[in-house]
Amino acid sequence: MTFAKVETAVDFPALERSILRWWDERQIFAKRKALNEGKPRWSFLDGPITANNPMGVHHAWGRTYKDVYHRFFAMTGHQMRYQNGFDCQGLWVEVEVEKELGLKSKRDIENLVPGDVEASIDLFVRHCKARVDKYARIQTEQSIRLGYWMNWDRSDEDWAKRPDDRKSYFTMSEENNYTIWAFLKKCHQRGLIYRGYDVMPWCGRCGVGISEMEMKEGYKLVEHKACFVRFPLVGRSGEYLLVWTTTPWTLTSNVGAAVNPELTYLRVRLGNDIYYLAEGAFRLDRMASLGESGPDEEDQTGGASTRGRRAWLPGVPPLRRIEQWFAEKAGADGYEVVGAIRGADMLGWQYIGPFDELPAQQHPYGYPEEVARVARQAGHWPPVSAVQAHRVISGGDAVTADEGTGIVHTAPGCGGIDYVWGKENGLPPIAPIGDDGVFVQGFGVFTGQQAADPATAELVFAELRRKGLLFAVERYVHRYPHCWRCKTELLYRLVDEWFIHMGPRGSEEGFRGEIMRVVRRPDVRFLPEEINGRARELDWLRNMGDWMISKKRYWGLALPIWVDEEDPTQFEVIGGREELRARAVQGWELFEGHTPHRPWIDKVIIRNPRTGRLMHRIPDVGNPWLDAGIVAFSTLRWNTDRDYWRQWYPADFITESFPGQFRNWFYALLAMSTMMSEGEPPFRTLLGHGLVRDQYGQEMHKSAGNAIEFIAAADTGGVIRDPKGKEIPFRPMGADVMRWMYVRHNPATNLNFGPAPADEIRSKVFFKLWNTYAMFCNYAIGDGYEPLTTPEVPVEQRPDVDRWLLSNLQLLIQTARQAYSSYNVMAFALECEKFIEGDLSNWYVRRNKDRLHSRHAELDEAGRRDKWAAYHTLYTTLRTLCQLMAPCVPFITEAMWQNLRRDPDPESVHLCDFPQPDERLIDRQLSADMAIVQRIVSLGLGARQLAKINVRQPLRQLILAPASAEERRAVERFQDLILDELNVKSLTFHNGPEPLLTTRWRLNKKTAAPKLGPHLAEAEAELAHYHGDTPPLTLAGTELAAADLVPEYIAPAGYVGSAERGTQLALDVTITPELRQEGLARLVIRHIQEARKKAGLDLLDKIALYVRADTSELAQVLVKHRPAIATAVQALNWSEQPLDTQVYEETISLPEGTLHVQLHRVPASAG
RNA sequence: GCGCGUAUAGCUCAGUUGGCUAGAGCGCAGCUCUGAUAAAGCUGAGGUCCCUGGUUCGAGUCCAGGUACGCGCACCA
C-alpha cells in the first residue's frame, strides 16, 4: 500500500462531485447514522426554507452552519433526526404562480376557470402545490450539492408521496396544518382569538392587504396634492378649525378633528373669519428637516434630499409657511393673531364636516352596513352617525405642530391611528372604498371613483371650493407606500381580520408576558452575544401589536374558524380534523380526500349549538408564520407520538439569518411553543447570522445583477456586476470554498460574498492545505514512507520542531472542540487558518523540506529516524486536520482522507470520532520558544533587507542581544534553525555593558515639521546629540509626540542592525570571496533546477549534466562546489565534455556571467 | 420619537480579565526564494483606536455625555 500521487492543480468543484457520488455508492451517510444509533440525542429544528425559487448563496450560509454542527455532533456520537423543512404556503408562492400564469389580480385568479370561482381557486391552489414541489426538489438537489447531510427525498418515488409521508417536512402537510388548528383552538379556549376591524394598507389593484414587512419594501418619495380645509365650528359663528391632509379623498369620510391638549392653538383673524391652528405650526419653516425618515432607494436617483432639509423632489416648489398663506389671502388688510387657547380647552367642540350631505355620513355606527354592524357589536361606539359625531378629540402626543396645522383630520375608516382614536372617542368608522380601491355606493359624486386617481383629489377640491371650505392646495412631497408587486399607491382601508390577543402593549401581561418569561429563561441562549438577540426578541415582544393571523388570499392554512351565518360575533375554532368530522353537518363527503386547503375545506359546514344555525368557515387563509412556527410540534409528532415529542423537544439548536426573524420565525416559534408546551422553550440555543452582501458590500439584488445563485457559485460560474455596472465573469468556486467563507465569518455581521474573497480563501487555506498534503504524499511515495510499516519514532524522541507542531496541533484540537460545541465555529476556523498557514505550511513544511527531501541512501540510522519522525509528524497532523475540518469542508477532507487512511481507519473521514487532544503532547514552553524564534528570524530578515543582501548569499555572523533570559534560551535551543533561515554561518550573543546598537532618532518630518515650524533645523541639531532609548518629546522648546520621531539603529562598522522591543541584532555584512562563491553556487543550482523543469523532468529523475561558465569566477564555483551542486540537482554524471546524446540545452545570461547548461535524464542505476 | 447595536489602516475586520511600542488579510510600494511554480515568502508605507470628559500607576478596552452610521419598533394627518 502506498499513497496515490497527488496533483497540485485541482478542479475542486469536480472533485466535490466525485465525492458526492462516492458517498452515495458507499452509503456513508447511512453508516454514520447507524454508528450513532442509540447514542445521546442532539436535537435540531430546521427553520423552513421557502420552496419558491432555486437557492441563492445566502441560503447556503445558514445551511452550512446547520450541516457543520450536525456533522460535529455526529462525530462526537449523537443521534439526530436530520430533518430539513420546506415553507410552502403564502403569498410569495402565489405571486410567483400568478406571474407564471400571467395573472394580474385576485379577480384573474378567481376567473382562472372562466365563470367558476371554486374551480379557479382549486386550480390555482394546485398550481401552488406544484410549484412548491418543483422548487423543493431543486433545493433538495442543491442542498445535497452543498454537502448538506439530511434525510433527503431523492427518488421519484419519494416525491410521489404526499408531503406528510416525505422525509423533509412541508408546512403544507396535513399534519402541519392541523397542528396549527390545535394551537388556535388552545388560544381560543383561553379567549385570545378575536375578530377585529382594522385599517391596513391595501392594494386596490391586487385586492390584497399589505403587511408591514411587505410595506417596507414599497416606500417611495412621491408628490401628492395636499390641502388645507376649514371646518366650521358649531355655535361659534365665523370660526373654523383649519386642518390639513395629503389624502383629500379621505375627507369624504371625516368624522373627527384631533388636537394635542398640551399644545397652544392660535386664533387667527382673516377678514371676518377666525381660524384655529397650532401656534408652532403657524410660522414653522416647513422645509426644515422633519420626520427624518431616511431616504429610500428611489431618492438616490431622483436627487433632492439635502442634509438638514426635508427630502424633496426636483421641480416641486418648496412648501410655504402657513403664515404666508394667511398673508397672501389677507392682502393689504393683513391678518391678526387675536388670541390663544390650550388644546385641552377645545376638546368637545362640534363642527360641520366637509361632506355631511353624503348618505355615508348619515348612517348610525358608520358605513357601510357591515362596518356599522361590527361597530355596533364591538360596543365601542354609540349609536350616532358621523355627522352627529363631528367634534374635536384628543390625539395626544401623536398630534404635533411639526406637520400640518396641528389639527388632524380624523377618518376612522381610512387611517390606522384614526381608527384607534375613533374607537377611543366613539367616532364611527366610514369605509369609503371596496377591495378594488373604488368608492362604494353612498358617496354621491365620488361613488365609482378610484380613490388613488389624482382626478378624485381634484373632484374633492372642486366640491370644497364650491362649498367655500377649501383654504389652500399645495404640491407636497413625502414617502408613501406602494404595492411591492404592481407599484401602485397603497390605500388605507378598513378590513376585517382575525387576531390573537397578545395582552396590553408595553406590558408583560397576558400571552405576551408568558412568551417573555420563556425568552428570559437562563437555559435559553441567544448567539452571537454581540447582537443581543434576547433583548431584541424581548423588545419585539414588548412592543408588538396583536397578531394578525388572517390574510385574504387563497394558498395557505385554512383558518379553522367557523362563523354563524347570521351573527358574525358567534364563531368557533376547530382543533383538528377529527373534531371537524364530528361536527360536520354538511359537506364532509365533498371535503374527504382533500388536503385542508381551499376550496374544499370551505365545503364543510357545522352547526352552532347555541343558535342551531349553520356556521361557515371564513374564507381567510393564515399568516404564513403560523405555518413555520408550529414545527416544533408538528414535525416532532406532538399529535401522534407524545413520547417521541418529549425526546426531541426542545431543540438543542436552531439557526437562521436574524434580520427580520426576531419578529418572524423566532417569534412565531416562541409564541406557539409557549402556548403548546405551557412554557417550555422550543430551543436551547439560537444562533443568528447576518446577511450576504456582494463583494463590494452592496445588498444583493437580482435586478442590480449582483446576486449570485447557489449553483453558479458551486458549479457553473456566472457573471456579477460591480457597483459601476461592469460585468465580471467568475469561475465556480465549489461548495467547500463557500462553506469555509461562511464558517470563518463572524455571524454577527454581514458577509461580503463574491469571487474575490473566494479566491483569497482558496489560496490562503485550500491551496496551502492541499499543497502540503500533495508534497507529503509525493515525497512519501519517493521515500517509501508507509504509516503502518515505517518504524514509529516515539514523539518524545522526535526533534523539537516536530513536537512543536504536534503541541500546537493538540491546542488546535482543544480549540476545535470548544468552538464547535459552543456553536462558535468561527473561532475554530480562524485558528485553523493560522495553523495551516503559519505553523504547518510556512514554518514546519518549509523548514523541514530538507528532512523529507534528503537522499535516503545517504542517511545513516539516525538520519533515517529523523526523516521518519518528520513523516510521522506530518502524517499525524494531516490526518488530524482532516478530522477537525471535516464538519466545515466535508469534500476536500474526504478526498485527502481517502489517500491518507489506512485500515482499520474508518472508510470515510465522516465516520471518524472527533479527535481528542493528547495533553501529554502539549508543550507550552516549546510553543513560546518557537514564537520567539520566528520573531527573531523576521528581525534578521529585516536586517538583510536593510543591507540589501539576498537571503541566498551566506553571511558570516549574527550577533544577538536578547531582550530576556527566555529569549536567549529559546535562541540557543533553536540556533541551527535560525542560522539556516537567515543563511548565516554562526550566531553569538552580545556581551558587555554597552548596548549592541546605538539608537539614533530622526524626525518624522511629515508630522513633526508643522509643529516645529521655523525651529526644525534647531530640533535636528539637538537630535544629533541625543542617543537615549526613548524618544525625546521636547525639541527646540516644542512638544512632540512619540510618533513624530523614528528610531534608527546604528550597528558597529561592517554590521547592519535591527531591533524590536528590546531585542537587538547585528548582521555581519562582510562578504568574503568564499562566501560569495557559496552564494553563486546556490545561484547555479537554482538555474539548473529551472532547466530541469523546462526539460520536463520529474522530481525524482536523475540527470547527466554538462555546465560551462564564461567567467573564471563562475568556473571556479563549478569546480569548488561541484559535489553540492551535483547532489542538489541530482546529477549522477557530471561531464567535462558537451553531451552527445539527446539533450536539453540552455544558455543562461546572468550579471555574474553566462552559463551554458546541457542535461538529460539517466536511469537511477547509472550512478 | 423610543429602544438596541456599531465606530480600530484605503477596504474587510481581529483585539480575551484594563498591561499596546495597537494587529491580520486584501490593496499599495519595494523585494526575495525557487522542484509547493496558474505557487510560496519577506520588508515597508499607511492609525487622533469617532469626539469630550471621568475612573486608574496605566484606557482601544471600564463609566458619563455627545456625534455619525446600522438595525428594530412607532409615526408618516
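These figures come from a predicted structure and were not determined experimentally. Proteins come first, then strands; the chains are lettered A, B, ... in the order of their sequence lines, and each starts at number 1. Atom set for the values below is all heavy atoms of this structure, side chains included, hydrogens, waters and symmetry mates excluded.
A/Y480 places no side-chain N or O within donor-acceptor distance of the main-chain N or O of A/E223, the cut-off being under 3.5 Å.
Here B/C26 is the nucleotide among B/C71, B/A36, B/C26 with the atom lying nearest to any side-chain atom of A/E760. Closest approach to the A/Y779 side chain among B/C71, B/C13, B/A36 is made by B/A36 (side chain taken as heavy atoms from C-beta onward). Comparing B/A36, B/C73, B/C13 by their nearest atom to the side chain of A/W540 picks out B/C73. Side-chain atoms of A/N752 lie closest to B/U12 of the nucleotides B/U12, B/A36, B/G72.
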For A/E831 and A/K834, what are the C-alpha separation, side-chain angles and deciding distance, and is it a salt bridge (Lys or Arg N to Asp or Glu O under 4.0 Å)?
CA-CA 5 Å; A/E831 277 305 308; A/K834 276 192 208 158; 3.4 Å; yes
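At the phosphate of B/C73, OP1 or OP2 sits under 4.0 Å from a side-chain N or O atom of A/R663. Between A/N543 and B/G72 there is no side-chain N or O to OP1 or OP2 distance below 4.0 Å.
In this structure, A/F767 has no ring pair (Phe, Tyr, Trp, His ring centres under 6.0 Å) partners at least two apart in sequence or on a different chain. For A/W540, the ring pair (Phe, Tyr, Trp, His ring centres under 6.0 Å) criterion is met by A/Y667, not counting sequence neighbours. Checked against side-chain hydrogen bond (donor to acceptor under 3.5 Å, both in side chains), A/Y844 has the following partners two or more places apart in sequence or in another chain: A/D802.
Taking atom P on both B/C42 and B/C26, the two are 10 Å apart, rounded to the nearest angstrom. Across the C1' atoms, B/A7 and B/U12 are found 14 Å apart, a figure rounded to whole Å. Here the separation of B/A9 from B/G3, taken at their C1' atoms, is 33 Å to the nearest Å. Rounded to whole Å, the separation between the P atoms of B/G46 and B/A22 comes to 13 Å. Look at the C1' atom in both B/A24 and B/C71: the space between them is 28 Å, to the nearest Å. Across the P atoms, B/U43 and B/G19 are found 26 Å apart, a figure rounded to whole Å. Distance check on atom P: B/U16 versus B/U56 gives 23 Å, rounded to whole Å. Between the P atoms of B/A29 and B/G18, the separation comes to 42 Å (whole Å).
Within the model, atoms CD of A/Q818 and CG of A/N824 stand 8.0 Å from one another, a figure rounded to the nearest 0.5 Å. Going from atom CG of A/L241 over to atom CZ of A/R230 covers 12.0 Å, rounded to the nearest 0.5 Å.
Note: CZ (A/F766) to C1' (B/A36) measures 17 Å, nearest angstrom. As a whole-Å value, the separation of A/Q698 CD from B/C11 P is 14 Å. Nucleotide B/C73 holds its P atom 11 Å from the CD atom of A/E537, rounded to whole Å. What separates CG of A/L538 from C1' of B/G5 is a distance of 16 Å, to the nearest Å. The distance between atom CZ of A/F658 and atom P of B/G70, rounded to the nearest whole Å, is 15 Å. Distance, A/Y844 OH to B/A36 C1': 16 Å, rounded to whole Å. Between the C1' atom of B/C2 and the CZ atom of A/R536 lies a distance of 16 Å, rounded to the nearest Å. For A/F776 and B/A36, the CZ to P distance is 16 Å, given to the nearest whole Å.
Here A/R762 pairs with A/D759 in a salt bridge; the nearest charged N to carboxylate O distance falls below 4.0 Å.
Smallest separation of non-hydrogen atoms from A/I407 and A/L277: CD1-CA, 4.2 Å.
With ring centers used as reference points, A/F666 lies 6.0 Å or more from A/F658.
Taking a pair as Watson-Crick or G-U wobble with both distances under 3.5 Å, the runs of three or more consecutive pairs in RNA chain B are B:1-7 with B:67-73, B:10-13 with B:23-26, B:28-32 with B:40-44, B:50-54 with B:62-66.
In this structure, A/T405 reaches neither bases nor backbone, as no heavy-atom distance under 4.0 Å exists between it and the strands shown. A/D418 comes within 4.0 angstrom of nothing in the nucleic acid, heavy atoms only.
At least one side-chain heavy atom of A/V692 sits under 4.5 Å from a side-chain heavy atom of A/Y742. Side-chain contact between A/C227 and A/T245: present, with at least one pair of heavy atoms (C-beta onward) separated by less than 4.5 Å. Between A/V6 and A/W770, the closest side-chain pair of non-hydrogen atoms falls below 4.5 Å.
Aromatic ring orientation, A/W244 versus A/F228: tilted (interplanar angle from 30° to 60°).
Each of A/R693 and A/A535 was matched to the nucleotide of RNA chain B holding its nearest heavy atom; the match closer to the 5' end belongs to A/A535.
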Report, one pair per line, the protein and nucleotides 38-41 of chain B atoms (nitrogen or oxygen only) whose separation is under 3.5 Å.
| unit_1 | atom_1 | unit_2 | atom_2 | d |
| --- | --- | --- | --- | --- |
| B/A39 | O2' | A/N771 | ND2 | 3.3 |
| B/G41 | OP1 | A/K768 | NZ | 3.0 |
| B/G41 | O3' | A/N842 | ND2 | 3.4 |

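Contact check of residues 827-836 of chain A against RNA chain B (heavy atom, cut-off under 4.0 Å) returns no residues at all.
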